[in-house]
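Please read the structure below before turning to the comments.
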Number of protein chains: 2
Amino acid sequence: MEYNHKQLAILDAAEQLFASQGFHGTSVRDIAHAADVNIAMISYYFGSKEKLIEAIFLKRIVGWKSVLETVLTDESLTFETRFDKLVETYVGRIFNNPCFNLMMMRAQIQADLGVNDLIHQNKLEVYGIISAFIKSGQEKGVFNEGIDILMMVNTLVGTTNHIMSTRHHFARISGLEHLTDDQLQQHLITHISNHLKNLLKAILIHEA
Amino acid sequence: MEYNHKQLAILDAAEQLFASQGFHGTSVRDIAHAADVNIAMISYYFGSKEKLIEAIFLKRIVGWKSVLETVLTDESLTFETRFDKLVETYVGRIFNNPCFNLMMMRAQIQADLGVNDLIHQNKLEVYGIISAFIKSGQEKGVFNEGIDILMMVNTLVGTTNHIMSTRHHFARISGLEHLTDDQLQQHLITHISNHLKNLLKAILIHEA
DNA sequence: AAAAAATTTAAACGATCGTTTGATTAAATT
DNA sequence: AATTTAATCAAACGATCGTTTAAATTTTTT
């Protein structure tokens, strides 16, 4: 899909509004106003509000799989280093696309929004790639046996998404209210990555 | 607050619908139909749709703090046992009130729904209680020093909430589609609790 | 330059939204 | 038993929803 300037303005505005107010809480008039286009242009380009959110997901859910695969199959790096990069890459990705990931969290709660099959398909592929990586590390004797890989992945995803979606609560609790949004983002990427690397490697690598 | 039979029917129906379709995705007509009451009764009893969701939060966010405090200050139990009970209690609570917790996840994403101050206040209190417990265990030499308690709590909350909100994805990925909802719930409570206990105790108790 | 196609617009469409009205019935109080 | 209060209902309120229309404008093609 190649979108022109106006279509991209609509997609960006919609993503931000859907993230902060939800699909039903956002009107096409809100989107049109934020994107500075006429209301009718949304139907004209995307057909409907439903198809607009599907277009956002389709635009966003590409690429991620290959990035992950590149990181995890780089045999010039040790398994531990690759695992570290997995965590850093995932956490960075979530915090660098907060709006889209809030949209995805909402969509997963909803379970009827049509895009859910797309999300499930993507989750399956990502889980397959990580799972293959861990198992190959186990065969080499680097990672411990008896790891519940699915639970581990859900801890990575769940912890990161939770802190991202409640980052302002988090900032208030840990006295980081004075930071700008960018500073807070960098701080969280670093600290969440370190926390998850320590936590997960404690069961992956250290003695069981 | 003491609610009569009809008011409770409205509160229950609204909680379920808000959880699955969101606040804006649920109409007062939907709620009235599900609760088997006339539409006007919602305004009559609660004033407005906004005040209805606030009533749900107020009704739900009580009691949790004292349950937690009882578990964590029971000095007849070891610190490790109390920590185990903390995890079990939290995970059980999330999975036994899925609708309300989905509502809360949505509300935290939203950040403008008025109930957010209530949620933040509650989070602060819960964090304070857990934090005090961990620190007292550190003083006794049971728990390791240098623990990021806030990150740990966010892993507990984030992992549990994430799996709960995507439990049907989870069931499909791990081949548990044949289970009934109750069976799946029991399976998840057990497995998530064990996973989190192992994971968190690996950094809390084992050599650093 | 003429014709065709694509874009943009204000206005309007019917549907549904949350809420209120005013009449009617049931319950509680005097 | 009379009166007041509370509960219930169908109907209607104005507002906003997503979408469409038809005309005007711009761009592209011939």
Side-chain angles (χ1 to χ4, degrees), chain A residues 1-59 99 103 106-107 109-110 112-116, chain B residues 1-59 99 103 106-107 109-110 112-116:
Chain A
M1 288 297 154
E2 289 171 20
Y3 294 114
N4 63 38
H5 177 266
K6 219 158 223 181
Q7 289 170 316
L8 287 172
I10 293 170
L11 288 166
D12 283 353
E15 186 175 288
Q16 287 192 45
L17 290 168
F18 286 156
S20 64
Q21 314 181 34
F23 180 77
H24 294 291
T26 304
S27 70
V28 293
R29 284 168 180 82
D30 290 339
I31 299 168
H33 182 257
D36 198 28
V37 301
N38 187 277
I39 320 166
M41 297 310 290
I42 293 173
S43 294
Y44 179 71
Y45 277 131
F46 297 96
S48 69
K49 194 184 170 190
E50 284 278 356
K51 292 205 188 126
L52 172 59
I53 196 173
E54 285 173 27
I56 296 174
F57 274 92
L58 280 170
K59 174 169 170 274
C99 289
M103 268 185 61
R106 285 185 189 275
I109 294 177
Q110 201 94 357
D112 63 342
L113 254 171
V115 291
N116 245 282
Chain B
M1 287 297 154
E2 290 171 20
Y3 293 115
N4 63 39
H5 177 266
K6 220 158 223 181
Q7 289 170 316
L8 288 171
I10 294 170
L11 288 166
D12 284 353
E15 188 175 286
Q16 287 191 44
L17 289 168
F18 287 156
S20 64
Q21 314 181 32
F23 180 76
H24 294 291
T26 303
S27 71
V28 293
R29 285 169 179 82
D30 290 339
I31 299 168
H33 181 257
D36 198 27
V37 301
N38 189 277
I39 319 166
M41 297 309 291
I42 293 173
S43 295
Y44 180 71
Y45 277 130
F46 296 97
S48 69
K49 193 184 171 189
E50 284 278 355
K51 292 204 188 130
L52 172 59
I53 197 174
E54 285 173 28
I56 296 175
F57 273 93
L58 280 170
K59 173 169 170 274
C99 289
M103 269 185 62
R106 285 184 189 276
I109 293 178
Q110 201 95 357
D112 63 342
L113 253 172
V115 292
N116 245 282

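Naming: A, B, ... by sequence-line order, numbering from 1 per chain.
Here the nucleotide nearest the side chain of B:A40, chosen from D:dT8, D:dC9, D:dT19, is D:dC9. Nearest nucleotide to the A:V28 side chain, out of C:dT8, C:dC17, D:dG18: D:dG18. Out of C:dG18, D:dT19, D:dT8, the shortest distance to the side chain of A:R29 is found at D:dT19. Residue A:M41 places its side chain closer to C:dT9 than to any other of D:dT19, C:dT9, D:dT8.
For B:N38 (side chain) and B:A32 (main-chain N/O), no donor-acceptor pair under 3.5 Å exists by modelled atom type.
Rounding to whole angstrom units, CG of residue A:N4 and C1' of D:dT27 are separated by 13 Å. Regarding B:I31, its CD1 atom lies at a distance of 10 Å from the C1' atom of C:dG18, rounded to whole Å. Look at NE2 on A:H24: it is 15 Å from C1' on D:dT16, rounded to the nearest Å. Going from atom NE2 of B:H5 over to atom P of D:dA7 covers 15 Å, rounded to whole Å.
B:F46 comes within 4.0 angstrom of nothing in the nucleic acid, heavy atoms only. Among the protein residues, A:S27 comes within range of the sugar-phosphate backbone only, with heavy atoms under 4.0 Å from sugar or phosphate atoms but none that close to a base. Among the protein residues, B:I42 comes within range of no part of the nucleic acid, since none of its heavy atoms lies under 4.0 Å from any strand.
Residue whose closest nucleotide on DNA chain D sits further toward the 5' end, between A:D30 and A:S43: A:D30. Along DNA chain C, the nucleotide nearest to A:I39 and the one nearest to A:Y45 differ in position, and the one closer to the 5' end is contacted by A:Y45.
A close approach under 4.0 Å does not occur between any side-chain nitrogen or oxygen of A:K49 and OP1 or OP2 of D:dC17. Note on B:Y44: every side-chain N or O is 4.0 Å or more away from OP1 and OP2 of D:dA6. Distances shorter than 4.0 Å separate none of the side-chain N or O atoms of B:N38 from OP1 or OP2 on D:dA7.
Enclosure of atom NZ in B:K51 is not indicated, since only 12 or fewer non-hydrogen atoms of other residues, nucleotides or ligands lie within 6.0 angstrom. Within a 6.0 Å radius of CG in A:D36, other residues, nucleotides and ligands contribute 12 heavy atoms or fewer.
Side-chain contact check for A:F23 versus A:E50: some heavy-atom pair is nearer than 4.5 Å. Between A:L11 and A:L52, some side-chain heavy-atom pair lies under the 4.5 Å cut-off.
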